There are 2 protein chains.
Amino acid sequence: MDSLTALNQFRAQVEIFVPLTEAEWQVLKSYLEIIVLKKKKNLAEPGKVCNYLTLVAKGAVRYFHIKDGEEITGYFSFENEFASSYKSFLTRQSAINYVQALEDTILVSFSYNNLQQAYADELIGHKMERMCRLIAEHYLICCEDRIASFVTQTPEERYNKLLETGGEVLQRIPQHYVANFLGITPVSLSRIRRRIMKISA
Amino acid sequence: MDSLTALNQFRAQVEIFVPLTEAEWQVLKSYLEIIVLKKKKNLAEPGKVCNYLTLVAKGAVRYFHIKDGEEITGYFSFENEFASSYKSFLTRQSAINYVQALEDTILVSFSYNNLQQAYADELIGHKMERMCRLIAEHYLICCEDRIASFVTQTPEERYNKLLETGGEVLQRIPQHYVANFLGITPVSLSRIRRRIMKISA
DNA sequence: CCAAATTCTTATCTTTTGTTAACGTTTTGA
DNA sequence: TCAAAACGTTAACAAAAGATAAGAATTTGG
């Protein structure tokens, strides 16, 4: 994938939230950077401030914490989803988690400084605010849904729901990462899968 | 508490995110409404679109789902926090949860239409976008932290953290709601409390 | 190509949680 | 004021999850 394709993909994604004129896009584009992240390389890591807010144009990233020396995977971002250690990016504090490429990945990115300039830009500032408001609202809703799933559903129910919605997660991601994502251990997920197989068989 | 106090409290809170001139405030204020919600009355309920984004000026609200005929409490908003069935408000779809006053509560509120007008307002539109972007980002970070707590911590660790941060939650909220909030049953929380008492005793 | 690492399952045992029910206390509301 | 409802704890049992380890299948990377 070349830079042009990646940038066009970014444009298509943000225009879902706010349509842009050609002139606006040309300005917006000037604040963007392409980041190529080889598999297992980090976009963010604990102790460092995450300097990029990115859209995954190709590939995927995985979010994880280290607890008692073990990796615990909390989330993934696939093509056309935004990726960042968001709290770190916004607050300029050290990240507490890794954001790592699961595959060779191409990211269309705002550096922190460029994004602030884009907000301050006379031509596109207002639209940038709106766009990023809508994007933040979109992800806030996603987070609220996920919190609700932890509060109101059992791990088995969460896994069944994941099966229904047919998440890409299930095809592209090792099961033990999915287990963490569901808030359980890999062994426990394996047992849940066996339980479900017996019922449907 | 009178309306003036409530409005001033709202102003102080939003100015944490974006400072306002007096003129801007006067315009913004014209889009606001005061809602008085008696204890046990709902700001939102399943099957209805939530029409208000509100700041709690006084009192508190509780968010809950009904599952198998039982209430499961997912969250609370106290003084100076925003409250809404946010997904419903933003997407204009029916809410799936209740938002209910825990005490007699005063809310400073945007109706959906008023908020859209405020965004479109020539004088304050740009600042409104920025303000609501920053607010959405703030709550997004809170949600991400909470999700991380479900993925990386045990219920006991989550409760201990709640004790440390000394959440208002613990003083003002019945324990069985707190249990739901932590993702466990009231009986289980009672046992966790006993375990902790024995250790610290 | 092949050794090493990763992944998934399974088994065993321990710990924790859920479920239900009972009990005393406190709070509520008519 | 007083009966009813709500609240928190505890007990007993069942169900589920965590921890650890072993083994087979797959993937990986040099």
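First the proteins, then the strands, lettered A, B, ... as listed; each starts at 1. Only a predicted model underlies this, so the values are computations on that prediction, with no experimental measurement involved.
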Q | B:Thr185 side-chain N/O to C:dT17 phosphate OP1/OP2 under 4.0 Å | A | no
(Q) Between P on C:dT17 and CZ on A:Phe150, what's the gap in Å once rounded to a whole number? (A) 16 Å
Q.
Students should find this one: the first and last nucleotides of DNA chain D, 5' to 3', lying under 4.0 Å from a heavy atom of chain A. What are they?
A. D:dA17 to D:dT20
Q. Would you find more than 12 non-hydrogen atoms of other residues, nucleotides or ligands less than 6.0 Å from B:Lys67 atom NZ?
A. yes
Q | Closest to side chain of A:Ser190, choosing from C:dT17, C:dT7, C:dT9 | A | C:dT9
Q. Does B:Arg133 count as lying over the ring of A:Tyr119, i.e. NZ or CZ under 6.0 Å from the six-ring centre, within 45 degrees of the axis?
A. yes
Q | 5' priority, DNA chain D, between A:Val187 and A:Pro155 [closest heavy atom] | A | A:Pro155
Q: Kindly confirm or rule out a cation-pi arrangement of A:Arg172 over A:Phe78, judged by NZ or CZ under 6.0 Å from the six-membered ring centre and within 45° of its axis?
A: no
Q: Please state how far atom CG in A:Asn180 lies from atom P in C:dT6, giving the value in whole angstrom units.
A: 15 Å
Q | Nearest heavy-atom neighbours spanning B:Ala101 and B:Lys38 | A | CB-O, 3.5 Å
N/O donor to acceptor pairs below 3.5 angstrom from side-chain atoms of residues 10-20 of chain B, sequence neighbours left out:
unit_1: B:Arg11; atom_1: NE; unit_2: B:Glu15; atom_2: OE2; d: 2.9
unit_1: B:Arg11; atom_1: NH1; unit_2: B:Glu22; atom_2: OE1; d: 2.9
unit_1: B:Arg11; atom_1: NH2; unit_2: B:Glu22; atom_2: OE1; d: 3.4
unit_1: B:Glu15; atom_1: OE1; unit_2: B:Leu20; atom_2: N; d: 2.6

Q) According to a strict under-4.0 Å criterion, is A:Arg193 in side-chain N/O contact with OP1 or OP2 of C:dT7? A) no
Q) Looking at the side chain of B:Ser188, which of C:dT28, C:dT7, C:dT17 is the nearest nucleotide? A) C:dT17
Q | Residue whose nearest DNA chain C nucleotide is more 5′ - B:Gly183 or B:Lys40 | A | B:Gly183
(Q) Can you confirm if the NZ or CZ of B:Arg92 lies within 45° of the ring axis of B:Tyr112 and under 6.0 Å from the centre of its six-membered ring? (A) yes
